[in-house]
Novice: 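Here's a structure for you.
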Amino acid sequence: MIIRSDNINLKQIAESGQCFRMNELERNKYSLTAFDRYIILTQPDDYTVELDCTEEEFNKIWRSYFDLDYDYKRIIDRMLSGSDTFLKNAAEFGRGIRILRQEPFEALISFIISQNKNIPAIKACIERLCEHYGNRMVHKSTGTIYYTFPKPGVLAEAEKEELKGLKLGYRDEYVLRAARAVADGTLKLDELAGCTHQEAVNTLKKLYGVGDKVANCVSLYGLHHIEAFPVDIWIKKVIDEIYNGAFNYSLYEEYAGIVQQYMFYYKRVQDLKKADI
DNA sequence: GCCCAGGGCTATC
DNA sequence: GATAGCCATGGG
């Protein structure tokens, strides 16, 4: 299956810190585990992405997952026509990023784990969690072994001591309680997708270990409320260093999450590059 | 060994 | 309501 778009870049998506199970296999070739599936993606040029799946699977899963029916160019053009130089640069730099529509439960657990960790460490924790509590699968065409993301019921039944072995640190209690809330029906994630962003955040924040930032990430990446605006260390740096402590995103209110993603990616790549030199 | 990482909870003011 | 210290772990 082949996608053509001006605004899709696997490397940028994989490195944008929104998903943790998309990995580079070789240059311009990535694997992705989501929705109990494992898929291989290649990008021969800036405008083309190939998925190793049927058209049926593509239409059922991946068209939505990659948010392909949304016009990102419209957002970028709007930023490019504005007067904010940082946002212009950020949008131009990250124009292949898309906001993935991840499974709500995976987003919830992943971003609970993410707190106070860097991205490689988050990915390692999540892989351990999947190997331990997910289902072992075999990718048919390559024979690759992979593990699905754990189901709420399985994670809810996890033994505390066993979970501790996965080295989630103090977050293991947060993970356990969140999984139980979903498994026993206290937290209905599917309903939150139909609520407003603000209602979703308010509900999510009732969970022990879920604060404003994690709730916004779940709302954005798991429920696709694109008006969410998660503020982490990197976004804080942007606000402090570029906007003198106050960024007014009301201009971009209904798609603030997309703007935030360009800001995050641009700032992080710039700073990491600087640190590397 | 140091500082930092897609933070949140708790105590204290 | 704001802020400081603490939390557990691994990457750089």
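To find a chain, count down the sequence lines: A is the first, B the second, and so on, and within it residues start at 1.
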Novice: Could you check whether Tyr262(A) and Phe264(A) have their ring centres less than 6.0 Å apart?
Specialist: no
Novice: Could you give the distance separating dA4(C) and dG6(B) at their C1' atoms, to the nearest angstrom?
Specialist: 22 Å
Novice: Under 4.0 Å between a Lys/Arg side-chain N and an Asp/Glu carboxylate O for Glu173(A) and Lys160(A)?
Specialist: yes
Novice: Report, as a single string ordered 5' to 3', how protein heavy atoms within less than 4.0 Å touch nucleotides 6-12 of chain C: B base, S sugar-phosphate only, - not at all.
Specialist: -BBBBS-
Novice: Indicate the ring-plane relationship of Tyr174(A) and Tyr208(A), choosing parallel, tilted or perpendicular according to the 30° and 60° boundaries.
Specialist: perpendicular
Novice: Closest nucleotide of DNA chain B for Trp234(A) versus for Tyr208(A): which of these residues is on the 5' side?
Specialist: Trp234(A)
Novice: Scan side-chain atoms only and decide if Ser219(A) and Asn216(A) contain a donor-acceptor pair under the 3.5 Å cut-off.
Specialist: no
Novice: Toss me the dot-bracket line for DNA chain B: Watson-Crick and G-U wobble, both under 3.5 Å, 5' to 3', using | for pairs to another strand and [ ] for crossers.
Specialist: .||||.|||||||
Novice: Do Tyr266(A) and Gln270(A) have side-chain N/O donor and acceptor atoms under 3.5 Å apart?
Specialist: yes
Novice: Can you check whether any acceptor in the base of dG6(B) is under 3.5 Å from a donor in the side chain of Gln261(A), or vice versa?
Specialist: yes
Novice: Within the 4.0 Å heavy-atom criterion, would you say Asp172(A) contacts the bases, only the backbone, or no part of the nucleic acid?
Specialist: nothing
Novice: Hey, are His197(A) and Asn202(A) close enough side-chain-wise for a donor-acceptor pair under 3.5 Å?
Specialist: no
Novice: Just wondering, do Leu207(A) and Leu108(A) contact through their side chains at under 4.5 Å, heavy atoms?
Specialist: yes
Novice: Assess, by modelled atom type and distance only, whether the side chains of Ser250(A) and Asn248(A) contain a donor and an acceptor separated by less than 3.5 Å.
Specialist: yes
Novice: Between Phe58(A) and Tyr65(A), is the ring centre distance below 6.0 Å?
Specialist: no
Novice: What are the residues of residues 103-114 of chain A, sorted by number, that bring a heavy atom to within less than 4.0 Å of DNA chain C?
Specialist: none
Novice: In plain terms, say whether Glu92(A) and Lys88(A) are close enough for a salt bridge, that is, a side-chain N and a carboxylate O under 4.0 Å apart.
Specialist: no
Novice: Are Lys151(A) and Asp36(A) ion-paired here, with the side-chain N under 4.0 Å from a carboxylate O?
Specialist: yes
Novice: Can you check the distance between dC6(C) and dC2(B), where both ends of the measurement are the P atom (answer in whole Å)?
Specialist: 16 Å
